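Note sheet for the following structure.
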Amino acid sequence: MTGEVAAAASGGCHLFSGCGFPAPGLQDFNLPPIFSIGGWGVTKPQVLAVLVAIAVIGFFWAAFRKPKMIPGKTQSLGEMAILAVRDQVIRPQLGKKGDKFWAYMVALFFFILLCNWMELIPVLQFPVMSRFGFVVPLVAIMYITYWYHGFKTKGFFGYFKSWFPDAPLFIMPLLGLIEILKYVIIQPATLAIRLFANMFAGHLLLSIFMVATWYLMGMSIGLVYAVGSLAMVFFVFLLELLVGLLQAFIFTTLISSYLADSLEYQH
């Protein structure tokens with residue numbers, strides 16, 4: 001916790017201490033650099049993103065660097081992870097022809113999942129995807145892949161032609177504008193905002209109840225409210241565990257459906 005949260009803890013700010021409730025807000029997401037490299041400040045979310053990337057790469061490298069016919073525990077866990085993403089995310093949208101995307105989709109799914117779950121780990125306590133700057137590159141990479149395969153499969157003009165539905169000529173200008181906005185602005189914007197907003201809101205809610213528990217703590221009627229707030233901390237914690245998983249699943253599933261559209265592999 002940072003900003004007003006840390007100030008409340010260090011200053012003994014409680015319900016009956018005379019200070020106001022130090023409500024968490026945007027300031028708790030604007031983290032200062034923890035160190036600098038060549039004059040460039042490195043923030044906590046950047047460090048967490050690198051650690052997650054190393055963890056994902058390290059796990060799958062350890063699982064498959066020497067694959068065996070009778071897999072060990074690490075290889076078995078790695079195979080389960082790959083099969084889960086393949087069977088629940090890729091194949092329902094792309095069929096077996098989508099298996100060529102498994103490496104990209106598996107890496108993306110677990111990178112997003114672990115970045116989301118960083119907020120649930122003591123000391124780390126920050127969901128990387130609650131910073132919009134981390135979501136945008138993931139969406140950009142997806143759209144480069146999406147359009148590349150669309151152009152490759154249908155040709156340059158054929159791909160753009162596939163954006164426009166069959167409709168009477170007089171309504172085509174309006175529908176054409178709507179379809180262009182859909183593919184160029186609406187789809188990438190909603191894909192990014194959905195992931196960012198869910199993790200941002202969840203972390204803010206968890207912070208509010210954590211600070212409220214501290215603020216209400218005291219040997220008086222405030223203790224009753226503190227216990228209730230603490231119960232909400234555990235509830236939101238479990239909720240964020242589920243939301244982090246769902247957002248990784250939804251993000252990668254939508255990418256699979258977009259790729260299916262560009263490849264015309266609808267199932």
Side-chain angles (χ1 to χ4, degrees), residues 1-2 5 24 26-35 37 40-63 77-78 80-82 84-86 88-90 101-146 188-207 210 233 236-256 258:
M1 289 184 279
T2 59
V5 181
L26 292 175
Q27 70 279 356
D28 294 295
F29 292 85
N30 188 24
L31 304 179
I34 53 179
F35 62 90
I37 298 178
W40 177 48
V42 179
T43 62
K44 182 178 180 179
Q46 293 169 336
V47 173
L48 294 179
V50 172
L51 291 177
V52 168
I54 292 173
V56 172
I57 294 171
F59 170 76
F60 285 105
W61 177 83
L77 191 59
M80 289 173 58
I82 291 173
V85 175
R86 188 196 69 178
Q88 301 301 320
V89 176
I90 301 174
F101 296 107
W102 75 262
Y104 166 58
M105 299 299 290
V106 168
L108 182 63
F109 177 87
F110 287 103
F111 177 75
I112 294 174
L113 177 63
L114 293 183
C115 281
N116 291 344
W117 280 355
M118 285 295 103
E119 73 165 323
L120 306 177
I121 301 176
V123 180
L124 303 181
Q125 291 178 296
F126 193 88
V128 177
M129 294 303 156
S130 68
R131 294 296 297 269
F132 199 59
F134 288 95
V135 179
V136 171
L138 299 182
V139 175
I141 292 171
M142 186 281 294
Y143 264 82
I144 291 172
T145 306
Y146 172 36
T190 54
L191 184 65
I193 292 171
R194 182 184 293 106
L195 175 57
F196 154 74
N198 274 279
M199 300 316 302
F200 180 93
H203 184 63
L204 185 60
L205 190 62
L206 186 60
S207 298
M210 291 179 70
V233 169
V236 176
F237 181 95
L238 294 176
L239 185 62
E240 284 300 283
L241 194 66
L242 177 61
V243 169
L245 174 61
L246 284 176
Q247 288 306 310
F249 175 79
I250 291 171
F251 192 92
T252 48
T253 297
L254 286 174
I255 288 177
S256 294
Y258 296 160

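For clarity, every value in this text was computed on a predicted model and none was experimentally measured. Along the sequence shown, residues are numbered consecutively beginning with 1.
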Working to the nearest 0.5 Å, report the span between [atom1] of [X] and [atom2] of [Y].
X: Gln247; Y: Leu242; atom1: CD; atom2: CG; result: 10.0 Å
X: Trp40; Y: Ile37; atom1: CH2; atom2: CD1; result: 7.0 Å
X: Leu138; Y: Thr252; atom1: CG; atom2: OG1; result: 11.5 Å
X: Ile255; Y: Tyr104; atom1: CD1; atom2: OH; result: 4.0 Å
X: Ile250; Y: Asn198; atom1: CD1; atom2: CG; result: 7.0 Å
X: Ile82; Y: Phe60; atom1: CD1; atom2: CZ; result: 5.5 Å

Is any side-chain heavy atom of [X] less than 4.5 Å from a side-chain heavy atom of [Y]?
X: Val233; Y: Leu206; answer: yes
X: Phe237; Y: Leu120; answer: yes
X: Met142; Y: Leu108; answer: no

Would you give me the side-chain donor-acceptor pairs under 3.5 Å for residues 109-117, sequence neighbours excluded?
residue: Asn116; atom: ND2; partner: Ile112; partner atom: O; Å: 3.4
residue: Asn116; atom: ND2; partner: Gly244; partner atom: O; Å: 3.1
residue: Trp117; atom: NE1; partner: Leu241; partner atom: O; Å: 3.0

Would Phe249 and Val89 satisfy side chain to side chain contact (heavy atoms under 4.5 Å, CB included), going step by step from the backbone distance to the final call? CA-CA 7 Å; Phe249 175 79; Val89 176; 3.8 Å; yes

List the residues meeting side chain to side chain donor-acceptor pair (under 3.5 Å) with Tyr146, not counting sequence neighbours, and say none if there are none. Asp261

Heavy-atom closest pair, residues His203 and Glu240: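 His203 and Glu240 have their closest heavy atoms at N-OE1, 3.9 Å.
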
Considering all heavy atoms of both residues, which atom of Gln46 and which atom of Gly41 are nearest to each other, and what is their separation?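 Minimum heavy-atom separation between Gln46 and Gly41: OE1-O, 3.6 Å.
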
From CA spacing to verdict: side chain to side chain contact (heavy atoms under 4.5 Å, CB included), Leu191, Leu195: CA-CA 7 Å; Leu191 184 65; Leu195 175 57; over 6 Å; no

Sequence neighbours excluded and cut-off under 3.5 Å, please list the side-chain donor-acceptor pairs for residues 127-135, or say none.
residue: Ser130; atom: OG; partner: Pro127; partner atom: O; Å: 2.6
residue: Arg131; atom: NH1; partner: Phe29; partner atom: O; Å: 2.9

